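Accompanying notes for the structure given below.
Because the structure is predicted, anything quoted here is derived from the model rather than measured.
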Amino acid sequence: FQARMNLTVRARHYWSFVDYTNFYDVNMDGSWTDRAFIPNRNRSFNAWNVDMFFTWDFMLGSRLIVAYKNALGPDVVTDATRYTKYHQNLWQTLRAPQSHEFTVRFIYFLDYNTLVRKKKPA
């Protein structure tokens with residue numbers, strides 16, 4: 001907007017598909033034991049968030065920051081067998097429950113010398 005007023009927006013989406021081929025149990029000594037395979041357990045992992053910051057430096061040392069944050073809920077699972085293409089997965093991710101956070105931070109610099117009268121020498 002101006003030299004002392006700006007808006008920053010960051011959006012991130014990470015998608016990872018997990019295709020299970022084998023299952024194992026971990027023994028007490030750390031070794032693995034084969035477990036019966038259960039089909040159709042494939043999953044998609046999604047991480048989604050948007051960070052938006054409006055910053056205004058209205059005086060030297062004084063600043064107003066308005067922030068908005070959006071994130072995907074921790075328990076959201078997208079059907080990996082139905083939504084195999086990126087745009088399908090992203091659309092389902094955006095339709096899932098999300099958290100929204102809005103914060104305002106006001107920082108004001110007080111100059112001690114302007115608040116206290118200077119004493120004149122005698």
Side-chain angles (χ1 to χ4, degrees):
F1 302 113
Q2 298 175 356
R4 297 171 71 184
M5 187 183 299
N6 63 62
L7 180 69
T8 304
V9 179
R10 289 179 296 223
R12 293 179 288 274
H13 178 233
Y14 175 78
W15 175 36
S16 179
F17 178 74
V18 180
D19 186 13
Y20 291 110
T21 57
N22 297 30
F23 289 133
Y24 299 95
D25 287 326
V26 180
N27 300 320
M28 294 300 285
D29 63 356
S31 62
W32 298 355
T33 305
D34 284 332
R35 184 177 187 187
F37 181 73
I38 305 169
N40 299 324
R41 294 291 182 175
N42 298 336
R43 295 279 185 255
S44 283
F45 171 77
N46 287 282
W48 164 261
N49 63 314
V50 175
D51 299 328
M52 183 168 49
F53 299 96
F54 171 77
T55 306
W56 178 28
D57 295 329
F58 56 91
M59 287 176 40
L60 290 177
S62 300
R63 175 179 281 187
L64 174 68
I65 302 169
V66 179
Y68 168 74
K69 295 187 175 205
N70 170 287
L72 189 62
D75 299 329
V76 173
V77 177
T78 305
D79 186 352
T81 57
R82 274 182 74 192
Y83 307 110
T84 57
K85 301 216 181 317
Y86 179 78
H87 70 278
Q88 293 172 335
N89 180 273
L90 178 61
W91 179 247
Q92 290 305 312
T93 300
L94 295 175
R95 294 180 65 196
Q98 299 180 21
S99 65
H100 302 277
E101 179 182 325
F102 182 75
T103 58
V104 177
R105 183 169 32 169
F106 182 73
I107 302 167
Y108 189 77
F109 175 73
L110 294 175
D111 186 2
Y112 179 77
N113 292 325
T114 60
L115 296 175
V116 178
R117 292 186 199 174
K118 294 182 181 178
K119 293 184 180 181
K120 294 183 180 179

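Annotation: salt bridge (Lys or Arg N to Asp or Glu O under 4.0 Å) contacts of Arg12 (sequence neighbours excluded): Asp51. Remark: Leu90 engages His13, Trp48, Tyr86, Leu94 in a side-chain contact (heavy atoms from CB on, under 4.5 Å) (not counting sequence neighbours). By the side chain to side chain donor-acceptor pair (under 3.5 Å) test, Trp15 is found to be paired with Ser44, residues two or more places apart in sequence or in another chain being considered.
Closest approach of Tyr24 to Asp34, counting heavy atoms only: CE2-OD1, 2.8 Å. Residues Ile38 and Phe23 share a closest heavy-atom pair of N-CE1, 3.2 Å. Residue Ala11 comes nearest to Val50 through the heavy atom pair CB-CG2, 4.1 Å, listed as atom of the first residue, atom of the second, then distance. Looking at every heavy atom in both residues, Gln88 comes nearest to Arg82 through OE1-O, 3.8 Å. Smallest separation of non-hydrogen atoms from Asn46 and Leu72: O-CD2, 3.5 Å.
Among pairs with a residue in residues 20-30, those fulfilling salt bridge (charged side-chain N to carboxylate O under 4.0 Å, His left out) read Asp25-Arg35, at least two apart in sequence or across chains. The salt bridge (charged side-chain N to carboxylate O under 4.0 Å, His left out) pairs that include a residue from residues 60-70 are Asp57-Arg63, where partners are two or more places apart or lie in different chains.
When hydrophobic clusters are built by joining Ile, Leu, Val, Met, Phe, Trp and Tyr residues whose side-chain heavy atoms come closer than 4.5 Å, directly or via intermediates, Leu7 is grouped together with Phe58. With hydrophobic clusters built from ILVMFWY side chains whose heavy atoms lie under 4.5 angstrom apart, Ile107 does not share a cluster with Val66. Residues Trp56 and Met59 share a single hydrophobic cluster, defined by chaining ILVMFWY side chains whose heavy atoms lie under 4.5 Å apart.
How far CZ of Phe37 is from OG1 of Thr21: 7.0 Å, rounded to the nearest 0.5 Å.
Around the CZ atom of Arg105, the shell of radius 6.0 Å holds no more than 12 heavy atoms that belong to other residues, nucleotides or ligands. Within a 6.0 Å sphere centred on OH of Tyr20, other residues, nucleotides and ligands contribute 12 heavy atoms or fewer.
Counting side-chain heavy-atom gaps under 4.5 Å among Ile, Leu, Val, Met, Phe, Trp and Tyr, the cluster of Phe45 also holds Tyr14.
Thr55 places no side-chain N or O within donor-acceptor distance of the main-chain N or O of Ile65, the cut-off being under 3.5 Å.
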Next item on the list: Determine, step by step, whether Phe54 and Met5 satisfy the side chain to side chain contact (heavy atoms under 4.5 Å, CB included) criterion, reporting the C-alpha distance in whole Å, the side-chain angles of both residues, the deciding distance to 0.1 Å, and the verdict.
Entry: CA-CA 8 Å; Phe54 171 77; Met5 187 183 299; 3.5 Å; yes

Next item on the list: Evaluate side chain to side chain contact (heavy atoms under 4.5 Å, CB included) for Leu60 paired with Phe109, printing each intermediate quantity in order.
Entry: CA-CA 8 Å; Leu60 290 177; Phe109 175 73; over 6 Å; no

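Between Phe102 and Tyr68, the distance separating the two ring centers is not shorter than 6.0 angstrom.
Residues Val26 and Trp32 have side chains in contact (heavy-atom distance under 4.5 Å, counting atoms from C-beta outward).
Using bins of under 30°, 30° to 60° and over 60° for the plane-to-plane angle, the ring pair Tyr108/Phe106 lands in the parallel bin.
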